[in-house]
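Here is the structure we will look at, set down as structure tokens.
Just the heavy atoms: all of them, side chains too, but no hydrogens, waters or symmetry mates, feed the values below. Order of listing sets the numbers, starting from 1, for every ligand and every atom in it. Nothing fancy with the numbering, it's 1 onward along the sequence.
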Amino acid sequence: MEKIADVMSISGGKDSAAMWIYATKELGVKVIPVFADTGNEHPSTYEYLDYLERELGPIRRVVPDFTKQIAKKREYVINHWPTKLQKDIPGRWVSVEPEFEGSSEEDLTLPPSTPPIDIYKTYKGVTGWIWEPTVKGKSFEEAEAIVSRALEHLHPTGIPFLDLCIWKGRFPSTKARFCTEWLKIIPIAEDVYFPLLEDGYHIVSWQGVRAAESPARAKLPMREETPEGYEVYRPLLNWSARDVFDMHKKHGIEPNPLYSQGMSRVGCMPCINVNKGELFEISRRFPEEIARISEWERLVAGASRRGDSSFLPALDADDKKNIHDWVEWSKTSYGGHTYDLLKMISLEEPITCSSVYGLCE
Ligand code: SF4
């Protein structure tokens, strides 16, 4: 008889929790719930995962480790940076957001990118592309100082998200979203999927996506076979957000408390895709998370060749923003030039329950 393993990725968010409740309580399917720990989650999410374990059963926790990659990077820095840093870097057009997936700061300097437009006609008016003038090579002493600063910071901390960024010399961004791949997809595949496949299991991978979330998700089928040899099942495809919370309520399981605290999604705190309102709520309610990201910016900058790095990307070459600058921006009204009076007043008031899903009565 074919051996079947039902595997689902649990994030601590409402959809994956509802899917686990549905599988366990309504279908009686014994699933393998897997949580990939990015180290960039809010403490409430870790507590919530403990709560889910007490209610539904053990969760397989996967913790990505970048010790080897950081050790290799140290070798690279020692052997190659001194020469590279002393060479001139020719001027070039670069995308404000690098396009290539999984890029490290090494990829960002070579090869020169090609602007997608006629640069002479549209030099002033194009957003997304900037001209980086020729950078003169460093002196021997300057190069030595940069190498020694990087080596001082190139050590694993044991926090997966931070170690990934220390290794890459930069933070991920919406266009170079290497975090999902390195913090979730690869570790779960290596720790869970590959061993199960080797043991002869047919894997059914449960995905808690809903069609209402985006036009791309609306096109996904309920079931499909992947080229990697496992089956994907999306039982929540036709569910609404209300259905998801109803599933929790029906079986007496609380949703993650962050939903009652103004968060529209649960996952990294913050995610690189954070929107203005979420960033405002995070800074207002959890200033310690902003302080943590600020410290991470310092550490990643220290490990990078350029000596600077920000969690959220700059809007243009002269507009470098760190996380505190972005928090200030999150307090502004549309256009970003003046403070939003209502937001400023709310900063003075005690924090009350608020939920984008109407969870607060
Ligand atoms: S996309 Fe967002 S939630 Fe996903 S790993 Fe990256 S930062 Fe975390």
Side-chain angles (χ1 to χ4, degrees), residues 8-17 19 33-46 48-49 59 61-66 69 97-105 157-192 205 207-210 213-214 216-217 255-256 258-259 261-283 286 289-290 292-297 299-300 309-314 321-323 326-327 330 356:
M8 65 172 66
S9 179
I10 298 291
S11 64
K14 64 186 190 319
D15 295 318
S16 58
M19 186 168 64
V34 185
F35 169 65
D37 188 355
T38 64
N40 186 21
E41 320 282 332
H42 189 273
S44 295
T45 295
Y46 291 110
Y48 182 66
L49 290 166
I59 296 172
R61 301 186 190 223
V62 173
V63 184
D65 179 11
F66 299 100
Q69 287 92 335
E97 285 273 345
E99 299 280 348
F100 18 88
E101 184 78 9
S103 55
S104 72
E105 63 168 352
T157 63
I159 303 170
F161 195 106
L162 175 57
D163 287 349
L164 172 64
C165 300
I166 284 177
W167 164 38
K168 294 280 187 184
R170 56 166 299 194
F171 287 93
S173 67
T174 46
K175 287 191 179 166
R177 218 179 65 162
F178 53 80
C179 45
T180 314
E181 183 186 0
W182 282 100
L183 295 170
K184 298 189 174 187
I185 297 172
I186 294 175
I188 291 180
E190 286 179 348
D191 279 29
V192 181
S205 172
Q207 292 184 359
V209 294
R210 293 181 296 107
E213 291 175 297
S214 71
R217 292 191 168 186
N256 189 316
L258 291 173
Y259 291 114
Q261 297 171 24
M263 300 297 115
S264 58
R265 63 181 158 206
V266 165
C268 287
M269 175 71 73
C271 171
I272 50 156
N273 295 319
V274 66
N275 66 35
K276 196 174 184 179
E278 283 169 343
L279 186 60
F280 177 73
E281 283 297 335
I282 291 170
S283 66
F286 314 117
E289 303 298 327
I290 300 297
R292 172 175 57 79
I293 294 294
S294 175
E295 173 60 5
W296 286 12
E297 285 183 330
L299 295 172
V300 175
S309 191
S310 57
F311 185 80
L312 296 172
K321 281 191 165 83
N322 63 32
I323 192 69
W326 281 108
V327 166
S330 78
V356 292

If you take all heavy atoms of Asn256 and Gly12, which pair is closest and at what distance? ND2-O, 3.0 Å
Check whether any side-chain heavy atom of Val266 sits under 4.5 Å from a side-chain heavy atom of His42, and report yes or no. no
Would you mind running through ligand 1 and noting each atom that sits below 4.0 Å from a heavy atom of [X]?
X      : answer
Ile272 : 2 (Fe), 7 (S)
Cys271 : 1 (S), 2 (Fe), 3 (S), 7 (S)
Phe161 : 7 (S)

May I ask you to identify the nearest protein heavy atom to atom 8 (Fe) of ligand 1, giving residue, atom name and distance to one decimal place in Å? Cys268 SG, 2.3 Å
Give the residue and atom name of whichever protein heavy atom lies nearest to atom 4 (Fe) of ligand 1, and the separation in Å to one decimal. Thr180 OG1, 3.9 Å
Between Glu289 and Arg292, does any side-chain N to carboxylate O distance fall below 4.0 Å? yes
Pro270, Cys179, Gly13, Gly267: member with heavy atom nearest to atom 5 (S) of ligand 1: Cys179
Would you call the rings of Phe161 and Trp296 parallel, tilted or perpendicular if under 30° counts as parallel and over 60° as perpendicular? parallel
Reported CG-to-CH2 distance for the pair Leu279 and Trp326, which is rounded to 0.5 angstrom: 9.0 Å
